Amino acid sequence: MSEQKTISAFYEQDHDRLDELFKTFQKLKWSDFAMAKEAFKAFKFGLQRHIVWEEDVLFPLWEEKTGMSEGGPTFVMRAEHRQIGQQLEAIHGKVAEQNPDSDQEEQALLELLGTHNMKEERVLYPAIDQLTSEEERATGFQTMKNIPEERYKLCCGQH
Ligand SMILES: [Fe+2]
Ligand SMILES: [Fe+2]
């Protein structure tokens, strides 16, 4: 988590990392379910962490700088996170039953994430980079780092 990094670079990289984990899960689920499950777990924790980072640190930065919250873009992004979370849990339910038949739920999640991430990458992240100083971003990255794992590392109610 280098402090030189922009919000855009850092968060886009995390989107890409999560995309790769999900692809690994999809690729392996018919041949090696145990490996696919590991990839899904890493994806789930990673996505939950990404959402906590955005909602606890990044979006408040935007809201503070612009005075926009209710009805603004971060309000929409938070609502989309709830939908993303629902699809994530739908797939998780299948994975927990060792059931690879989750193509529909996967497609729904990918569609949600596709448009959501694109809006963040094209509009929100660059705007936050514009609005913040390097020091403010460094503080933000540090705050993200200090968030305890228990906030996002949950699976089947366990850590
Ligand atoms: Fe997001
Ligand atoms: Fe994001």
Side-chain angles (χ1 to χ4, degrees), residues 6-30 33 36-129 131-132 140-141 143-145 147-159:
T6 60
I7 296 296
S8 287
F10 179 84
Y11 276 85
E12 278 177 31
Q13 211 170 64
D14 203 43
H15 285 168
D16 292 345
R17 190 185 77 87
L18 294 170
D19 286 346
E20 284 309 310
L21 284 169
F22 196 70
K23 269 186 218 155
T24 303
F25 161 70
Q26 289 189 300
K27 200 168 65 191
L28 293 178
K29 69 172 186 171
W30 301 106
F33 200 82
K37 192 174 178 174
E38 283 311 305
F40 180 77
K41 256 174 111 170
F43 170 77
K44 188 173 189 286
F45 292 155
L47 182 55
Q48 288 168 175
R49 181 175 69 171
H50 186 95
I51 288 174
V52 168
W53 280 344
E54 290 185 340
E55 295 195 353
D56 286 15
V57 183
L58 194 61
F59 295 175
L61 252 178
W62 158 273
E63 288 156 6
E64 219 177 276
K65 291 277 175 186
T66 61
M68 261 198 261
S69 52
E70 199 101 346
T74 53
F75 182 78
V76 178
M77 294 297 110
R78 287 178 200 272
E80 290 183 3
H81 286 167
R82 302 290 82 77
Q83 292 178 292
I84 288 166
Q86 276 171 16
Q87 287 309 319
L88 184 63
E89 285 308 321
I91 302 167
H92 175 233
K94 296 259 172 103
V95 173
E97 299 169 340
Q98 317 284 325
N99 179 1
D101 182 20
S102 50
D103 287 359
Q104 247 177 338
E105 292 88 343
E106 288 160 35
Q107 202 45 45
L109 179 65
L110 286 176
E111 278 167 28
L112 284 169
L113 275 177
T115 53
H116 178 83
N117 292 353
M118 199 182 0
K119 282 186 273 187
E120 289 180 339
E121 290 181 14
R122 289 198 184 158
V123 184
L124 196 61
Y125 299 160
I128 294 170
D129 276 318
L131 289 166
T132 52
F141 285 132
T143 311
M144 283 157 54
K145 226 177 182 172
I147 294 173
E149 277 196 341
E150 302 87 74
R151 286 279 284 108
Y152 50 81
K153 213 166 179 189
L154 273 162
C155 208
C156 306
Q158 291 172 331
H159 290 295

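All figures in this text were calculated on a predicted structure; none of them were measured in a lab. These values consider heavy atoms only, across backbone and side chains, with no hydrogens, waters or symmetry-generated copies.
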Gap separating the CD1 atom of I91 from the CD atom of Q107, nearest 0.5 angstrom: 10.0 Å

Salt bridge (charged side-chain N to carboxylate O under 4.0 Å, His left out): pairs with one or both residues in residues 103-112, sequence neighbours excluded: K29-D103, K29-E106, K94-E105

Derivation of the side-chain contact (heavy atoms from CB on, under 4.5 Å) call for L88 and F40: CA-CA 10 Å; L88 184 63; F40 180 77; 4.1 Å; yes

Partners meeting side chain to side chain contact (heavy atoms under 4.5 Å, CB included) with T143 (sequence neighbours left out): V57, T139

By side chain to side chain contact (heavy atoms under 4.5 Å, CB included) - contacts of M68 (at least two apart): W62, T66, P73

Side-chain heavy atoms of L110 within contact of Q26, under 4.5 Å: yes

Distance (rounded to the nearest 0.5 Å) between E20 CD and K23 NZ: 4.0 Å

Sequence-distant partners of F43, ring pair (Phe, Tyr, Trp, His ring centres under 6.0 Å), two or more places apart: F22

Centroid separation Y11 to H50 less than 6.0 Å: yes

Trace of the side-chain contact (heavy atoms from CB on, under 4.5 Å) decision for L124 with E54: CA-CA 11 Å; L124 196 61; E54 290 185 340; over 6 Å; no

Residues forming a side chain to side chain contact (heavy atoms under 4.5 Å, CB included) with A39, sequence neighbours excluded: T24, F25

Pairs involving residues 112-121, ordered by first then second residue, that meet salt bridge (charged side-chain N to carboxylate O under 4.0 Å, His left out) (sequence neighbours left out): E80-K119

Counterpart residues, side chain to side chain donor-acceptor pair (under 3.5 Å), relative to D16 (two or more places apart): none

By side chain to side chain donor-acceptor pair (under 3.5 Å) - contacts of K37 (at least two apart): none

Ring pair (Phe, Tyr, Trp, His ring centres under 6.0 Å): pairs with one or both residues in residues 102-122, sequence neighbours excluded: H81-H116

Identified side-chain contact (heavy atoms from CB on, under 4.5 Å) partner of I128 from the options V123, L58, T6: L58

Heavy atoms from other residues, nucleotides or ligands near NZ of K27 exceed 12 (cutoff 6.0 Å): no

Partners passing side chain to side chain donor-acceptor pair (under 3.5 Å) against S8 (at least two apart in sequence or in another chain): D129

Partners passing side chain to side chain donor-acceptor pair (under 3.5 Å) against R17 (at least two apart in sequence or in another chain): D14

Pairs satisfying salt bridge (charged side-chain N to carboxylate O under 4.0 Å, His left out), at least one member in residues 81-91, at least two apart: K44-E89, E55-R82

